[in-house]
Peer 1: 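Once you've had a glance at the structure underneath, I'll fire off some questions.
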Protein chains: 2
Amino acid sequence: MNDGDFRHIPQFTVLRFARYLNFLMNLPDVVSEISSSEMAGIIGIKPTQLRQDFFTLGGFGRQGKKYNVQFLISRLREVLAVTEEQRMILIGAGHLGQALANYAGFERFGLSLRGVFDVNPRLVGLKIRDIPIMDLDSMGAFIQRNEIIIGIICTPHDYAQTTCDLLTDHGIKAIWNFSSEHVLAPDDVVVQNENLSVGILNLSYRLNNEL
Amino acid sequence: MNDGDFRHIPQFTVLRFARYLNFLMNLPDVVSEISSSEMAGIIGIKPTQLRQDFFTLGGFGRQGKKYNVQFLISRLREVLAVTEEQRMILIGAGHLGQALANYAGFERFGLSLRGVFDVNPRLVGLKIRDIPIMDLDSMGAFIQRNEIIIGIICTPHDYAQTTCDLLTDHGIKAIWNFSSEHVLAPDDVVVQNENLSVGILNLSYRLNNEL
DNA sequence: TCAAACTTGTTTATTTTATGACAAGCGATG
DNA sequence: CATCGCTTGTCATAAAATAAACAAGTTTGA
């Protein structure tokens with residue numbers, strides 16, 4: 001119902017888009033359409049917020065009719081830019097690093113983990129799901145040869161910023177940081193800090209204040 | 001400088017409190033005081049936001065003087081309710097579950113993981129850092145005997161809601177959910193959904209739109 | 001002692017996000 | 001065909017979060 005298709009998408013709407021996409025992709029195949037209130041109820045938000053979110057994408061859906069699940073999925077993949085393959089590497093093959101490398105759930109978004117790097121010589125040479133663990137010194141060449149654009153940091157916190165610098169020096173454009181240290185990067189690099197302690201501390205606060 | 005000490009704390013301020021606390025606890029011992037601009041610069045926010053956040057806690061700090069690191073830490077621990085031990089269990093000993101169980105980083109907040117549960121008989125009986133992996137059937141009794149208040153869900157997404165229900169049925173008051181399914185719980189239970197895909201999808205969006 | 005360069009506390013304004021209200025459209029039922 | 005109950009699109013308003021501005025205090029050094 002609108003023309004330009006270019007409306008500003010609020011920051012928080014993007015986060016919800018990710019949740020919507022996840023939810024829709026987990027849905028059984030037999031579900032071909034869904035209403036805003038059904039979906040919002042399960043996700044735990046208000047239907048009007050969901051419709052407002054979709055409104056920023058321009059008019060799809062028609063009044064009186066539910067949303068088509070497959071169309072929603074493809075539209076959201078488009079917006080979130082996960083229609084084509086994006087290659088990743090991971091640095092730090094500790095417990096969390098290994099767990100993420102073993103997790104195959106990102107592949108359905110076209111996110112492909114190509115290599116794991118560590119400084120521990122006892123880990124170098126091993127494989128995780130056919131993904132080789134390599135020495136950190138070989139990272140630069142690997143990034144260029146394999147057109148890697150996303151780096152995942154799973155090092156101890158005191159190596160996080162150094163690792164981040166190393167990644168950006170070698171041309172990485174997106175960093176997903178799981179260490180407990182907030183890392184900073186140049187303006188042309190996107191950083192997503194995912195400090196797990198924040199989640200549990202927030203839970204602790206809410207446990208003692210909301211109830 | 002204020003009296004009642006009771007001001008509303010915005011939701012997002014709480015999340016930043018968690019980041020502040022993390023940052024301060026990672027600091028070397030020799031750093032005994034810090035200014036809002038130093039701290040904000042490293043964390044990647046504006047100094048005025050940091051001061052505004054602390055303002056909600058009532059007046060501490062004095063004009064002209066930097067913040068005392070130890071005082072900040074203890075005040076933040078107080079607000080986030082991590083001054084005393086809180087006991088946790090974890091359900092689902094897959095890769096991510098094992099990684100979290102191996103991660104000792106939460107203990108410094110008094111968060112103590114007491115048991116891991118799984119349905120896989122090949123895992124039951126093993127230990128992770130002295131934490132026993134037990135059969136899911138024994139969970140209810142374990143919760144009551146050990147005064148567990150936090151449950152961590154690391155199951156596949158199609159078992160997440162069932163696990164959540166099981167936990168709440170046995171009196172768990174806080175749930176930290178790492179599955180890709182958003183789980184819902186009764187009003188007297190706090191849920192923190194930590195779907196990892198949201199982070200990477202947000203990163204993908206920003207990579208393709210902010211740059 | 002005085003001034004300059006810092007610091008934080010607090011209020012006010014701006015921006016961003018969430019909610020509410022309602023028109024408009026579809027589909028089934030009688 | 002008319003109506004009732006459902007649906008989404010859209011705009012206006014309310015609420016929340018962020019940023020700016022500045023007063024007021026401390027420290028340092030000339």
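None of the values given here were measured: they were computed from a predicted structure.
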Peer 1: Given atom CG of A:L15 and atom C1' of C:dT17, what is their separation to the nearest angstrom?
Peer 2: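 Rounded to the whole Å, the gap is 12 Å.
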
Peer 1: Has A:R62 got a side-chain N or O lying under 4.0 Å from the OP1 or OP2 atom of C:dC26?
Peer 2: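 A:R62 to C:dC26 OP1/OP2: side-chain N or O found under 4.0 Å.
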
Peer 1: Identify whether any heavy atom of B:F54 sits under 4.0 Å from a base atom; if not, whether one sits that close to sugar-phosphate; answer base, sugar-phosphate or nothing.
Peer 2: nothing

Peer 1: Ring pair (Phe, Tyr, Trp, His ring centres under 6.0 Å) with A:F23: which residues, sequence neighbours excluded?
Peer 2: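 For A:F23, no residue satisfies ring pair (Phe, Tyr, Trp, His ring centres under 6.0 Å) once neighbours in sequence are set aside.
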
Peer 1: Can you check the B:E33 CD to D:dT26 P distance for me, whole Å?
Peer 2: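 Rounded to the whole Å, the gap is 14 Å.
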
Peer 1: Between P on C:dC26 and OH on A:Y67, what's the gap in Å once rounded to a whole number?
Peer 2: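 Whole-Å distance recorded here is 15 Å.
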
Peer 1: Please tell me whether B:S32 and B:Q70 have a donor and an acceptor in their side chains that are separated by less than 3.5 angstrom.
Peer 2: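 B:S32 vs B:Q70: no donor-acceptor pair found between side chains.
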
Peer 1: Please report the C-alpha distance between A:C154 and A:L100 in whole Å, then the side-chain angles of each, then the deciding distance to 0.1 Å, and finally whether the side-chain contact (heavy atoms from CB on, under 4.5 Å) criterion is met.
Peer 2: CA-CA 9 Å; A:C154 289; A:L100 284 173; 3.7 Å; yes

Peer 1: Mind calculating the distance between CG (A:L72) and C1' (D:dT8) to the nearest angstrom?
Peer 2: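 Interatomic distance, CG of A:L72 to C1' of D:dT8: 12 Å.
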
Peer 1: With distance as the sole criterion, is a donor-acceptor pair present between the side chains of A:Q192 and B:N202 under 3.5 Å?
Peer 2: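 Their side chains do contain a donor-acceptor pair, which is all the 3.5 Å distance test asks for.
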
Peer 1: I need the CG-P distance between B:L57 and C:dT8, as an integer number of Å.
Peer 2: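 One finds 15 Å between P of C:dT8 and CG of B:L57, rounded.
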
Peer 1: Mind calculating the distance between CD1 (B:I34) and P (C:dT7) to the nearest angstrom?
Peer 2: 11 Å

Peer 1: Take atom CD of B:Q63 and atom P of D:dA24, then tell me their distance rounded to the nearest Å.
Peer 2: 9 Å

Peer 1: Within the structure, does a side-chain N or O atom of B:K65 lie under 4.0 Å from either OP1 or OP2 of D:dG25?
Peer 2: no

Peer 1: Could I get a table of every N or O pair under 3.5 Å where one atom is in the protein and the other is in nucleotides 17-22 of chain D?
Peer 2:
residue: D:dT18; atom: OP1; partner: B:R16; partner atom: NH1; Å: 3.4
residue: D:dT18; atom: OP2; partner: B:R16; partner atom: NH1; Å: 3.1
residue: D:dT18; atom: OP2; partner: B:R16; partner atom: NH2; Å: 2.8
residue: D:dT18; atom: OP2; partner: B:Q49; partner atom: NE2; Å: 3.3
residue: D:dT18; atom: O5'; partner: B:Q49; partner atom: NE2; Å: 3.2
residue: D:dA19; atom: N6; partner: B:Q52; partner atom: NE2; Å: 2.7
residue: D:dA20; atom: N7; partner: B:T48; partner atom: OG1; Å: 3.4

Peer 1: Atom pairs, N/O to N/O, protein against nucleotides 3-6 of chain C, distance under 3.5 Å?
Peer 2:
none

Peer 1: Give a yes or no on this: more than 12 heavy atoms of other residues, nucleotides or ligands lie within 6.0 Å of atom OH of B:Y103.
Peer 2: yes

Peer 1: Charged N to carboxylate O under 4.0 angstrom, B:R114 versus B:E147?
Peer 2: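 B:E147 and B:R114: not salt-bridged.
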
Peer 1: Should A:I45 and A:R19 count as side-chain neighbours, where that means a heavy-atom distance under 4.5 Å?
Peer 2: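 Answer yes - side chains close enough.
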
Peer 1: Going by an N to O cut-off under 4.0 Å, is there a salt bridge joining A:R77 and A:E84?
Peer 2: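 The answer is no: the pair does not qualify as a salt bridge.
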
Peer 1: Over all heavy atoms of both residues, which pair between B:E181 and A:N26 is shortest? Give the atoms and the distance, please.
Peer 2: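 The answer is OE1-ND2, 3.4 Å.
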
